[in-house]
Amino acid sequence: MLKEVFLGVGLAVVAFLALVGYNVFPLLVLAALAGTILLLLNRNGVGLGGNARKMEYTGSANFTFDMIGGQNAAIQELKEALEFILEREKIKSLGIRPLKGILLTGPPGTGKTLLAKAAASFTDSVFLAVSGSEFIQMYAGVGAERVRTLFRTARERAQKLKKNSAIIFIDEIDILGGKRGSNISHHEYDQTLNQLLVEMDGMKSDGQVEILVVGATNRVDALDAALMRPGRFDRQVKVDLPDKDGRKSILLIHTRNKPLADEVDLEQIAHETFGFSGAHLESLTNEAAIFALREQCNRISQSHLREGIDKVIMGEKSDRKPSPSDLKRVAIHEAGHALVGELVNPNSVSTVTIRPRGKALGYVRHNPEDDTYLYTQTALENQIKVALAGALAEEIVLGDRSTGAAGDYGQTMNLVRHMISAGMSSLGVVELEQLPQEKLHDASTEILRELEERTRILLQEHLTAFQEIVKILEDKENITGDELRQCLNSLKAAS
Ligand code: ATP
């Protein structure tokens with residue numbers, strides 16, 4: 001409104017000057033120049049409220065901790081830290097220094113933003129969320145000004161809403177709080193971080209608005225030591241990938257508003273999604289609902305959820321139409337993976353398909369036995385055998401290998417290196433970084449040759465079953481783990 005009044009008055013003055021014969025051309029050039037500069041500054045959020053415009057603001061966040069699954073330990077720790085805000089009088093009477101910052105650390109999509117939101121509603125605080133990247137601009141001083149605006153806005157909003165506290169959530173805090181001097185345009189980065197430190201140091205428990213900064217990162221190692229000093233980010237809460245029970249509770253949360261068929265077994269879906277974050281699981285349930293819609297079903301079935309898993313892991317089905325000879329090779333390759341997978345680890349195969357999805361022409365999805373955090377030598381060797389089986393199957397049946405196995409080799413080499421670093425090679429216990437390349441190469445080759453040989457023998461011993469799987473795949477393009485096991489059992493019974 002103020003802007004419009006100024007503009008109107010300015011135009012009137014210029015018109016008047018022009019009427020009385022004054023040369024207004026230089027004035028118009030100056031006004032255009034000033035306008036452009038203001039526009040640029042506003043776009044970059046330097047002006048008052050520039051930063052506030054970008055912030056997510058939920059005055060009375062009604063997002064509660066029970067809407068977050070699989071993070072019980074993190075929630076417990078966070079709630080304990082939040083006692084500082086809830087029990088501020090008691091804290092003050094004991095002379096305890098107020099808590100200024102909490103750092104949430106963990107992989108992307110595990111619920112760090114959700115935890116900060118829930119913390120705001122738990123403590124009846126206003127909530128402002130920004131991302132570290134929003135502070136960094138090419139203009140010197142912009143970041144520091146944004147930090148000042150952020151804290152001022154938090155105080156003002158809390159006062160306006162008559163709240164005693166505000167939670168400022170800074171996602172990707174490593175961008176803004178990385179080690180000083182480590183960036184090319186480090187002056188701007190350093191100024192921004194310095195300003196954040198100044199604001200945090202200036203936060204007082206003076207009966208006015210109490211501010212708590214919640215930072216989130218998955219790169220604690222990259223943070224400047226000054227941020228981690230006592231009195232700044234005093235508490236660190238680890239937000240890890242959920243375990244099986246955690247995944248089930250997240251699936252329950254995200255299917256609350258979705259009609260599920262009676263046969264749906266979320267426990268099984270949780271079992272099949274080892275390594276998924278909360279964000280992956282949310283996406284899985286959403287994709288499953290989309291599949292149900294496409295098939296005009298009123299309810300989401302187990303197979304829709306399973307397809308959701310494939311979509312999240314491999315990407316959307318692609319329109320690529322491989323030639324008949326490529327299709328045959330893909331069927332042979334995937335049958336090799338699936339057969340060896342089932343032989344070395346019974347009941348482990350979940351799906352085998354030769355329908356292209358994402359970048360893959362086909363794939364086998366395995367179920368983990370259970371959430372596994374430790375691997376024995378046998379388990380690692382079995383994984384390598386399964387990875388090598390695709391290319392070996394091509395070699396046995398078609399006489400040569402193809403480029404389709406490139407990804408398998410990458411996975412194989414990682415597993416081999418893992419074995420060597422865990423002291424499972426003929427080198428004994430070694431430090432991988434200190435090992436000469438030649439020795440590493442020799443030890444890797446030795447492991448690979450032996451496992452290749454053992455896998456080849458396994459495939460040759462089960463050639464009939466292998467050919468049967470190839471035939472079914474060529475026919476149906478897709479087999480579930482149960483169908484595969486049925487086929488193997490009936491062949492065993494017949495022999
Ligand atoms: P990033 O580090 O990438 O910013 P984040 O850890 O902050 O990720 P969120 O933004 O909190 O992750 O989560 C993204 C989405 O994933 C949420 O909106 C929610 O739908 C889902 N989600 C993630 N974790 C959980 C969880 N523990 N419980 C329920 N839903 C979750």
Side-chain angles (χ1 to χ4, degrees), residues 54-58 61-79 81-82 101-122 125 127-136 167-178 212-223 227 233 235-258 260 266-267 269-270 273-290 300 305 308-309 311-313 371:
K54 290 191 172 182
M55 287 170 200
E56 184 189 339
Y57 166 56
T58 44
N62 51 5
F63 187 87
T64 54
F65 282 121
D66 62 9
M67 293 161 158
I68 304 174
Q71 295 297 349
N72 292 347
I75 291 173
Q76 196 50 38
E77 252 184 274
L78 190 56
K79 276 186 176 169
L82 294 173
I102 300 177
L103 199 60
L104 305 177
T105 65
T110 42
K112 297 184 288 298
T113 311
L114 301 185
L115 285 166
K117 261 191 200 171
S121 94
F122 185 68
S125 308
F127 179 66
L128 286 93
V130 285
S131 166
S133 56
E134 287 172 35
F135 291 89
I136 304 304
I167 288 185
I168 294 179
F169 175 65
I170 307 180
D171 201 4
E172 300 177 306
I173 196 166
D174 45 294
I175 299 183
L176 145 75
L212 177 71
V213 183
V214 179
T217 179
N218 48 10
R219 298 218 39 215
V220 197
D221 56 305
L223 291 181
L227 263 183
F233 283 97
R235 290 278 144 88
Q236 263 196 43
V237 175
K238 259 188 114 16
V239 190
D240 266 330
L241 287 173
D243 61 10
K244 189 173 139 199
D245 288 343
R247 294 195 294 277
K248 186 174 169 197
S249 67
I250 297 174
L251 285 167
L252 279 167
I253 290 173
H254 289 292
T255 49
R256 263 182 207 158
N257 62 346
K258 297 180 174 67
L260 297 182
L266 290 181
E267 175 110 16
I269 300 296
T273 46
F274 177 68
F276 273 42
S277 67
H280 285 133
L281 294 165
E282 188 277 334
S283 168
L284 177 172
T285 57
N286 195 50
E287 293 301 337
I290 295 173
I300 300 168
L305 289 162
I309 302 180
K311 167 82 191 289
V312 171
I313 298 178
D371 284 15

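Throughout, numbering of the chain's residues begins at 1 and tracks the sequence. We count ligands from 1, going down the list as the structure has it; atoms in each ligand are counted the same way. Note that the coordinates shown come from a computational prediction; the quantities given were computed from them, not determined experimentally.
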Can a non-hydrogen atom of H254 be found less than 4.0 Å from any atom of ligand 1? yes
Is any N or O atom of I253, backbone or side chain, closer than 3.5 Å to an N or O atom of ligand 1? no
For ligand 1, is there an N or O atom under 3.5 Å from any N or O atom of Q71? no
Shortest protein contact, atom 22 (N) of ligand 1 (heavy atom only): G278 C, 3.6 Å
Hey, does F276 have a side-chain heavy atom less than 4.5 Å from the side chain of I313? yes
Checking a contact table here: which protein heavy atom is nearest atom 2 (O) of ligand 1, and how many Å away? K112 NZ, 3.0 Å
Would E267 and K244 count as a salt bridge (Lys or Arg N to Asp or Glu O under 4.0 Å) here? Give the steps. CA-CA 8 Å; E267 175 110 16; K244 189 173 139 199; 3.7 Å; yes
Show me the donor-acceptor pairs, under 3.5 Å and distance only, between side chains in residues 63-76 and residues at least two apart or in other chains.
from, atom 1, to, atom 2, distance (Å)
T64, OG1, D66, OD1, 2.6
Q71, NE2, T110, O, 3.3
Q71, NE2, D240, O, 2.7

Selection residues 281-290 - residue pairs positive for side chain to side chain donor-acceptor pair (under 3.5 Å), sequence neighbours left out: E287-K311
Side chain or backbone, does G111 bring an N or O within less than 3.5 Å of an N or O on ligand 1? yes
For ligand 1, does T110 get within less than 4.0 Å through its side chain, its backbone, both, or neither, judged by non-hydrogen atoms? both
Is the shortest N/O to N/O distance between G109 and ligand 1 below 3.5 Å? yes
When L103 is tested against each of I170, V237, I173 for side-chain contact (heavy atoms from CB on, under 4.5 Å), which residue passes? I173
N/O of L114 under 3.5 Å from N/O of ligand 1, yes or no? yes
How many angstroms lie between CG in L82 and CG in L78, if you round to the nearest 0.5 Å? 4.5 Å
Should I250 and P242 count as side-chain neighbours, where that means a heavy-atom distance under 4.5 Å? yes
Minimum non-hydrogen distance to atom 15 (C) of ligand 1, winning option of S283, P107, A279: A279
Pick from A216, G69, A116: the one approaching atom 26 (C) of ligand 1 most closely through a non-hydrogen atom: G69
Verdict with supporting geometry, R247 and D245, salt bridge (Lys or Arg N to Asp or Glu O under 4.0 Å): CA-CA 5 Å; R247 294 195 294 277; D245 288 343; over 6 Å; no
Can you tell me if K112 uses its side chain to pair, donor with acceptor, with the backbone of P107 under 3.5 Å? yes
I need the nearest protein heavy-atom contact for atom 7 (O) of ligand 1: residue, atom name and distance, please. T113 OG1, 2.6 Å
E282-ligand 1 polar pair, N/O distance under 3.5 Å: no
Nearest non-hydrogen protein atom, atom 4 (O) of ligand 1: D171 OD2, 2.8 Å
Could you tell me which atoms of ligand 1, counted from 1 in the order shown, lie closer than 4.0 angstrom to a heavy atom of I68? 26 (C), 27 (N), 28 (N)
Verify, without hydrogens or angle tests, whether R235 (side chain) and I102 (backbone) share a donor-acceptor contact under 3.5 angstrom. no
